[in-house]
Amino acid sequence: MPHDLPKAYDPTAIEDHWAGYWVRENLFAQPTPEGQRLDGQSARSCAQPAFVILLPPPNVTGRLHMGHMLNQTEMDILTRWRRMSGRRALWLPGTDHAGIATQMMVERQVHADGSSRQQLGREKFVERVWEWKRHYGGAILEQMKRLGVSVDWSREYFTMDARLSVAVREAFVRLYEQGLIYRGAYIVNWCPRCQTAISDLEVVHEEQKGHLWEIRYPVIGDGGKETGEFITVATTRPETMLGDTAVAIHPEDERYLHLHGKKLRLPLMNREVPIILDGWVSREFGTGAVKVTPAHDPNDFAMGERHHLPSINVMDDRGHINENGGTYAGPDRYVARKKIVADLEAQGLLAAVKDYTNNVGHCDRCKTVVEPRLSTQWFIKIQPLADKAIAAVKPDANGNKAIRFTPENYERIYLEWMNNIHDWCISRQLWWGHRIPAWHCAVCHEITVARVDPTACGHCGSTEITQETDVLDTWFSSGLLPVSVFGWPNITSETRADFDAFYPTSLLVTGFDILFFWVARMIMLGCWFSADVPMPDGSPRQLGDSVPFRDVYIHALVRDANREKMSKTKGNVIDPIEIVKQYGTDAVRFTLASMASPGTDIAFNVARTEGYRAFANKIWNAARFIFMQRDRYLQETGSHISFPAIDLNAVDRSEAIFAGAYPAYPGAGSPESDSTGPLEHRWIIARLIATAAAVNSSLENYRFDEAASSIYRFFWGDLCDWYLEIVKLSLDPAKPNGLEKLMALLVLLAVFESSLRLLSPFMPFITEELWHAYYDGHPPAKSIALTPYPRSSTWTVDQRPIEEMELLQNLIVEVRALRKEIGVEEKALVPIEVRTHATAREIFTTNRDIIERLARVSEVRFVEQISAGQSKHHTTAFDVGVVYERTVDAAAERERLTRDIAKYEKGLAAAERQLNNEAFLKKAPPQVVEGLKKQEAETRVLLEKARAALEGLSEGPG
RNA sequence: AGGCGCGUAGCUCAGUUGGUUAGAGCGCUUCCUUGACACGGAAGAGGUCGUUGGUUCGAAUCCAAUCGUGCCUACCA
């Protein structure tokens, strides 16, 4: 037997195999189009529109988590679907050097060796990081391979690759030349642990219980002597008082009017500081007086600028008090705080200590409390870039947006942020990253920024120059990826083709957590730099073509089953690889897809995954059944079925299959024109086409959940529960191997094969395995992923078989329910009585054998009236009774009927109320009125039937 | 402090311009090991759509308030 598949589906056995096969065969490589700009009739692929996705590069230090898996599942579904739909699909993978994260990790390693970053020195340390990267970096990509993502591995990049570093440098130099990069001393968020500046986005605020210390600053009179009066200031960080250079009050605050122009003695430091008047001060908060520490608070810094105050930085890089702190120099900020508070108290200058809860900024990476601190950093003057990035999402004159967000509300969030954007601090005091290409001159103190390492100062010619030690924010390089991966800035004849073919990319799929970090930066930098690259035809590039991507799909956050955010500290992290091992990749993918409805977070629940593992098993067993039938037919007839040749150019493959299958049935053309063929075949084909249409349109709208459930319902509900059961009649081994059997086999095979293709983007492994088994070692393509996706473009869904089948299904369901109610044994065959109209009668007659098999019926009797004393069910289309000698459970029957009657009465009353309402008849659309009228009539019929039945029950023998 | 989102069956969620008697999966109950599958089949039970008010012929859907809940943004010391 060629198809000796095991009884239960075991994903682990096949997934590794195919994952390896896809990588080995390089199936998803999308090479640079050759000469597409020169001769119009080059590769046929060039005629197809491209579909390009950039993988949000995971950190080299990263490990796959559920968020990645969701993200990648969505991208893979879309990429596989677009690829199968005839697009030139390119999904580009890579990793990010992740400055702080990676440096921290290697530092820990160095520490474990008893050394330190400082001891090693910059060069050796960086070499060490590279070494680490070579050995352990990118493990996450290996995990991705196991998931079977259909990326182009031949294009894998790393953000520190020479090619991409060139782009980073060029971008920096250009911005500098354009006057958009400046260097200056400003308050930045300083992480004392990482010893680097971090951007606003890298600070996470957390409510924290603390104190508000109120400190008395003595007022100094004219003679330089204390007047005995005090101004009390409130602060959450008393240690910063060491750097106070003023105290600010509101100009109109009556409490302090008499002190205008006076000075104060700064306690502990014994320094005179002025009282300044500033409207920023709130009279209501605290004491209405604010100590001003320009070097350690952004507001104070601003006031310092306004009032020309000196800035005294009292902390070093580690957050220890420096020499400006006088006798307090040395200890850590919190140690110093204790001492300062104690000393103030001893001197009677501590007015109060109040409990106070405020938002404290922590370093996103290491959770250390961030210290606002004056330091010299590099910034990008962001407004000009932001202007373009804002224009890119707003509708143009024709109402088109260059970038479209899904869900739409992220557009507003994006604009909100963009409109309030601050200059971007791009320097980091790290060693791992792109070193800023600027050289400081020891002689003239000017800065030289250059594309090629200079040997002399560009201003005075001195050779005493040293390179800037800072590196660039990691997001600076990742923000450039959409242009840099396609060759920018070196748009040579070779890279030109890549850029022309793939930029702008089609879609970005990502989580909202990096909307500002990454998405916004890519839009700003992408629009800015690609604008200089002319279009393939040489014309200037407009904004609409300079955006880095046309669509942004923001997906949900994956939480645990209790809706908690997954985090290492909570220990509730679900390792996708573990789940995958347990249930199979396909089941996990399908879980994520089916829960990925836009806008809501996903509470990942393995119960759901168990369900989809069962689905995979169902598919597997359907295949076993189908292959078994085919094998038997082939064995018995000694012939073999010639499958219609697959036409890889045809997007609509179903057509070919059915055209091939149907001629086998005498007098039949295509199922479209054929109304004489067996109902079940026409029905399953109509359902397949309808499902394909639904899936395609759901995917267009990123409704993975809808698409998944359409397929699920079709495969399990329609194909397995009904069609397979019905078709067993034709495939009965007792029947001769005639045309009936052949046609059933052909339709079954064709529908099954199409279903595999339909399902393939969602469950790539099992479909690949079964598809190869289907072709028995001679597949028409290397992979199901390279075959056309079922589409319904040329077929309209024929509603007739669907309606007819529904009628048949209803009858079967009613009979089964009846049997259950009156306690007919499962195996017993019973006659049924059916009262119905001519049309239904014909359908039931034609498909009598289906009714008999699926409802376990021995005989279908058409009657004018269901015999008295029998249990019966009513629908609007028919009445049906089961002929059975067992006595009816009158009580249960009465209860059911009473319940039904109540339901019908309620529905009827509601409908009548509406229909008697003139306003409704006048204002509601006609089809709604018609629908309601029809419903009213139907309900009336059902009500009458139920009433009659109840009456008969009371009168009859019971 | 502002902004956004959510609250629908025991659980997890659909329900996209307001329109017929609100759906699915899991779980639960009962029956069935029939030659694809017990990771299965069949039949069921289960919801006044957080609360209150409003708009409307008609509200899970729109508006307001309220309660609960989650998140994002913010320089009040």
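These numbers come from the heavy atoms of this one structure, side chains and all, not from hydrogens, waters or symmetry mates. Lettering of chains follows the sequences in order, A, B, ..., and the numbering in each one begins at 1.
Partner assigned to G5(B) is U69(B), using Watson-Crick or G-U wobble distances below 3.5 angstrom.
Residue Arg703(A) has its side chain nearest to G15(B) when only A77(B), G5(B), G15(B) are considered. Of the listed nucleotides (C26(B), U12(B), G15(B)), C26(B) has the atom at the smallest distance from the side chain of Tyr712(A). For Phe920(A), whose side chain is taken as the heavy atoms from C-beta onward, the closest listed nucleotide among A14(B), G19(B), G5(B) is G19(B). Listed nucleotides U73(B), A77(B), C26(B) differ in distance to Phe516(A); the shortest reach to its side chain belongs to U73(B).
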| said: So if I define the base as every atom that isn't primed, P, OP1 or OP2, how would nucleotides 37-42 of chain B read as a B/S/- string at a heavy-atom cutoff under 4.0 Å? | reply: BSBSBB
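More than 12 heavy atoms of other shown residues, nucleotides or ligands fall within 6.0 angstrom of atom CD in Glu700(A).
Looking at Tyr9(A), Trp716(A), Phe715(A), Tyr712(A) one by one, the single match for ring pair (Phe, Tyr, Trp, His ring centres under 6.0 Å) with Tyr612(A) turns out to be Tyr712(A).
Rounded to whole Å, the C1' atom of G3(B) lies 44 Å from the corresponding atom of A45(B). Taking the C1' atom of each, C4(B) and A77(B) are spaced 29 Å apart, rounded to whole Å.
Heavy atoms of Leu724(A) sit under 4.0 angstrom from at least one base atom.
A donor-acceptor contact under 3.5 angstrom links the side chains of Arg632(A) and Gln629(A), judged on distance only.
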